[in-house]
A.B. asks: 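Got a structure here, written out as structure tokens. Questions coming.
Naming convention: chains lettered A, B, ... in sequence-line order (proteins, then strands); numbering from 1 in each chain.
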Protein chains: 2
Amino acid sequence: MVDMARWGPMLETAGIRVTSQRLLVLEVLAAHRLPVSARRVHAELQDRGATTGLTTVYRALASMTEAGLVHAFTHMGEGVYRLCGSASHHHLVCRVCGMVAERQEDIVDGFRAEEVYGVCATCESAESGSRRCSTTTGATADPPEVTESR
Amino acid sequence: MVDMARWGPMLETAGIRVTSQRLLVLEVLAAHRLPVSARRVHAELQDRGATTGLTTVYRALASMTEAGLVHAFTHMGEGVYRLCGSASHHHLVCRVCGMVAERQEDIVDGFRAEEVYGVCATCESAESGSRRCSTTTGATADPPEVTESR
DNA sequence: GCAGCAATGAAAACCATTGTCGTTATCATG
DNA sequence: CATGATAACGACAATGGTTTTCATTGCTGC
């Protein structure tokens, strides 16, 4: 059931022990383009019949994040996680649709940006009206799937 | 004790009721260049002899954030708050020293940035060594005071 | 002065995340 | 293949920031 051949070497080269739970977590992450929460990963594992505990999901995500396989977006209300693409880049995260785009080029002089939260062009044009100073007005996870830009 | 003349009109024009607690919260915020947490605000109010409860501090911050007087950085482990400068801008937040800088100009095409997390030039040069994909390695509040750039 | 209503404060509830601890799986050796 | 060390697991409890509840207080307009 677990695609060991695909994810096993990844964990090995990352220097962390290969376990069935971590492989399962990687599979769930791979099935999503948008970042997903720990509880969401856990729920999908339950659906698959796995008995993996939520605690273990958290620990798997933590170790894989530290190993650089996964990127953790803990700056949002509920932490969400996504498989890491290339190394050394920053992310654009749309707080409306949840889209994440990876960029290489520097965007601000004298500041190494790592995570950029805002509104993507699509949602910007869809949005109507009031613009305020307040930027932290919610935006919970799990919006409809959106293609990763660029 | 409360500089009513200074903050009262601000609350009035913002359309929210002027209360002694909100004035006190504004005073505490004004005394800090870096964003401060709700509990920190509460602690400083206690130090001043005020009996304001932590609940009220949260509510005052929430209403003033909604009114646009305060900017809430709830994307960090513990939410932090800062007086709003001008309207319509984005913030650069250094995850090492906590510095916040306001910028007007757009930084990314096709994306309206609201909050940019990363490392400022000062901390970048001070930092030594390993650069990894993982970007969420802590950085708690209340570092030494740092001048706001630009 | 008084009704109506928002604001307050204390305590409890919430909820994502982390610690604890006994058990189990993995890996390297003998 | 057996074994011992060590890391990972899973269930549960605890943590801590934030929000809700609810009874009380205090403006605001009449």
A.B. asks: Taking CG from B:L23 and P from C:dT8, how many angstroms apart are they, rounded to a whole number?
C.D. replies: 10 Å

A.B. asks: Tell me the interatomic distance from A:R59, atom CZ, to D:dT6, atom P, rounded to whole angstroms.
C.D. replies: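 Taking atom P of D:dT6 as the reference, CZ of A:R59 is at 19 Å.
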
A.B. asks: Roughly, in whole Å, what's the span from CZ in B:R17 to C1' in C:dG4?
C.D. replies: 10 Å

A.B. asks: Between A:E44 and A:R48, does any NZ, NE, NH1 or NH2 come within less than 4.0 Å of an OD or OE carboxylate oxygen?
C.D. replies: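 Salt bridge between A:R48 and A:E44, a charged N being under 4.0 Å from a carboxylate O: no.
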
A.B. asks: What is the distance from CZ of A:R39 to P of C:dC14, rounded to the nearest Å?
C.D. replies: 14 Å

A.B. asks: Think B:T56 has a side-chain N or O under 4.0 angstrom from the OP1 or OP2 of C:dA7?
C.D. replies: no

A.B. asks: In this structure, how many angstroms lie between the P atom of D:dG17 and the NE2 atom of B:H42, rounded?
C.D. replies: 13 Å

A.B. asks: I need the CG-C1' distance between A:L54 and D:dC12, as an integer number of Å.
C.D. replies: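 About 12 Å, once rounded to whole Å.
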
A.B. asks: Send over the distance from B:Y58 OH to D:dT19 C1', rounded to a whole Å.
C.D. replies: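 After rounding, the reported distance stands at 9 Å.
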
A.B. asks: Would you call A:R95 and B:E115 a salt bridge, using N to O less than 4.0 angstrom?
C.D. replies: no

A.B. asks: What verdict does the side chain to side chain contact (heavy atoms under 4.5 Å, CB included) test give for B:T55 and B:R59, after you've listed the backbone C-alpha separation in whole Å, the side-chain angles of each residue and the deciding distance to 0.1 Å?
C.D. replies: CA-CA 6 Å; B:T55 313; B:R59 279 189 288 227; 3.4 Å; yes

A.B. asks: For A:E27, is there an ion pair with A:R6 - N to carboxylate O distance below 4.0 angstrom?
C.D. replies: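 Looking at A:R6 and A:E27, the cut-off is not met.
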
A.B. asks: I want to check one thing: is the phosphate of C:dA25, taken as OP1 and OP2, less than 4.0 Å away from some side-chain N or O of A:Q21?
C.D. replies: no

A.B. asks: Ignoring hydrogens and angles, does a donor from either the side chain of A:T55 or the base of D:dC12 sit under 3.5 Å from an acceptor on the other?
C.D. replies: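 A donor-acceptor contact between them is present.
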
A.B. asks: Would you indicate what A:S63 reaches in the nucleic acid, counting non-hydrogen atoms under 4.0 angstrom: base, sugar-phosphate, or nothing?
C.D. replies: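 Nothing, no heavy atom under 4.0 Å.
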
A.B. asks: Can you tell which of D:dA8, C:dG9, D:dT18 lies closest to the side chain of A:T19?
C.D. replies: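 Nearest to the side chain of A:T19 among the choices is D:dA8.
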
A.B. asks: How close or far is atom P of C:dT17 from atom OH of A:Y81, stated in whole angstroms?
C.D. replies: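 Nearest whole value for this atom pair: 5 Å.
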
